[in-house]
Visitor: 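Got a structure for you, written out below as structure tokens; questions coming shortly.
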Amino acid sequence: MLIMKEYQNLLFTVEDGIGTLTINRPKSLNALNSDTLAEIGEALAEIKTDPTVKVLVITGSGQKAFVAGADISQMVSMNSIEAAALSELAHNAFRTIESLPQITIAAVNGYCLGGGFELANSCDIRVAATSAKFGQPEVGLGIVPGFGGTQRLTRLVGRGKAKEIIATGSQITAKEAHAIGAVEEVVELDQLMDKVNEIAHKIMKNGPVAVRMAKYVIDQGADLELNTAISFETQMWAQTFATKDQTEGMQAFLEKRHAKFTGE
Ligand code: CAA
């Protein structure tokens with residue numbers, strides 16, 4: 001069953017447990033203006049508690065762009081106070097993506113620049129079309145990345161590569177992005193959604209509580225000192241032994257059958 005919700009600048013569908021949020025401003029190459037960011041925030045608030053959405057895919061409308069950045073036509077006349085408000089709106093939306101219980105997959109179908117790269121980097125997994133181009137072109141506009149680019153890209157690829165990408169403002173190909181760890185999978189554009197669906201279905205076969213907890217412990221642990229992080233992992237690991245999914249998963253293995261997880 002396909003459920004569809006239409007926003008002004010977004011499309012949202014749910015099919016077979018996969019929610020797909022499409023940034024839908026193709027005439028501006030899906031550039032993120034404040035209305036779109038606010039709508040992303042609204043959509044995520046619903047998705048967060050929607051039991052029909054097991055995995056969330058974020059993509060861009062059309063074949064040319066995922067998201068070509070923040071909307072330059074809106075930013076051109078902004079003062080510092082307005083710029084700070086826009087950045088905060090994006091940070092709130094992107095932090096919400098990271099805090100979703102569902103695994104999120106960015107399906108990068110084309111230009112993934114500035115705020116677009118920052119959006120993709122807020123997702124758990126990035127799958128890109130070979131035709132996609134990545135970059136942080138902000139310094140060419142006289143600004144620094146403001147939707148997390150200086151921080152999340154650095155955490156993904158290391159300081160040197162992040163500085164090279166940000167200071168040159170150059171675009172890199174999907175294959176180059178893959179080689180530096182900014183993208184997990186690269187496929188031809190016509191296979192992009194098949195690949196994303198394949199990954200989503202593999203995820204959905206597993207114990208839902210365990211998948212949710214794995215995302216949480218990876219993200220929380222990343223900001224902790226190693227001893228604290230591994231003891232946090234022990235706590236989370238122990239908690240999974242109090243779930244029905246653990247009993248079912250292990251019994252199914254021993255009985256040589258597929259597990260029927262209930263997410264409890
Ligand atoms: N904001 C607003 N409009 C944009 C846009 C953006 N980021 N990117 C593209 N568009 C618009 C263009 O103005 C154009 O509109 P018109 O048809 O009305 O002229 C339309 O989308 C198509 O774009 P182009 O004609 O430029 O297409 P192209 O194929 O020649 O080039 C491109 C494609 C290389 C992606 C080019 O559009 C481009 O360089 N876009 C801007 C990329 C950019 O600088 N992004 C960073 C923005 S700043 C930012 O994101 C800050 C941050 O940290 C959050």
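Remember, it's 1-based here, ligands and their atoms both numbered in the order they're listed.
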Visitor: If you look only at distance, which donor and acceptor atoms sit under 3.5 Å apart when one is on a side chain in residues 77-84 and the other is two or more places apart or in another chain?
Guide:
residue, atom, partner, partner atom, Å
N79, OD1, I81, N, 3.1
N79, OD1, E82, N, 2.8
E82, OE1, N79, N, 2.9

Visitor: Within the 4.5 Å heavy-atom criterion, are F117 and L153 side-chain neighbours or not?
Guide: yes
Visitor: With sequence neighbours excluded, give me every side-chain hydrogen bond (donor to acceptor under 3.5 Å, both in side chains) pair touching residues 144-158.
Guide: E98-R152, Q151-R155
Visitor: What does the 4.0 Å heavy-atom contact list look like for ligand 1?
Guide: K27, S28, L29, A31, K64, A68, G69, A70, D71, I72, M75, Y111, L113, G114, G115, E118, P137, E138, L141, I143, P145, G146, F147, Q171
Visitor: Do side-chain atoms of K64 reach the backbone of S61 as a donor and acceptor pair under 3.5 angstrom?
Guide: no
Visitor: Using residues 86-93 as the side-chain source, report each donor-acceptor pair under 3.5 Å to any protein atom, sequence neighbours left out, with the distance given to one decimal.
Guide:
residue, atom, partner, partner atom, Å
S87, OG, H91, NE2, 3.3
S87, OG, G146, O, 2.8
H91, NE2, G146, O, 3.4
N92, ND2, E88, O, 3.4

Visitor: Are more than 12 heavy atoms, taken from residues, nucleotides or ligands other than R159, located less than 6.0 Å from that residue's CZ atom?
Guide: no
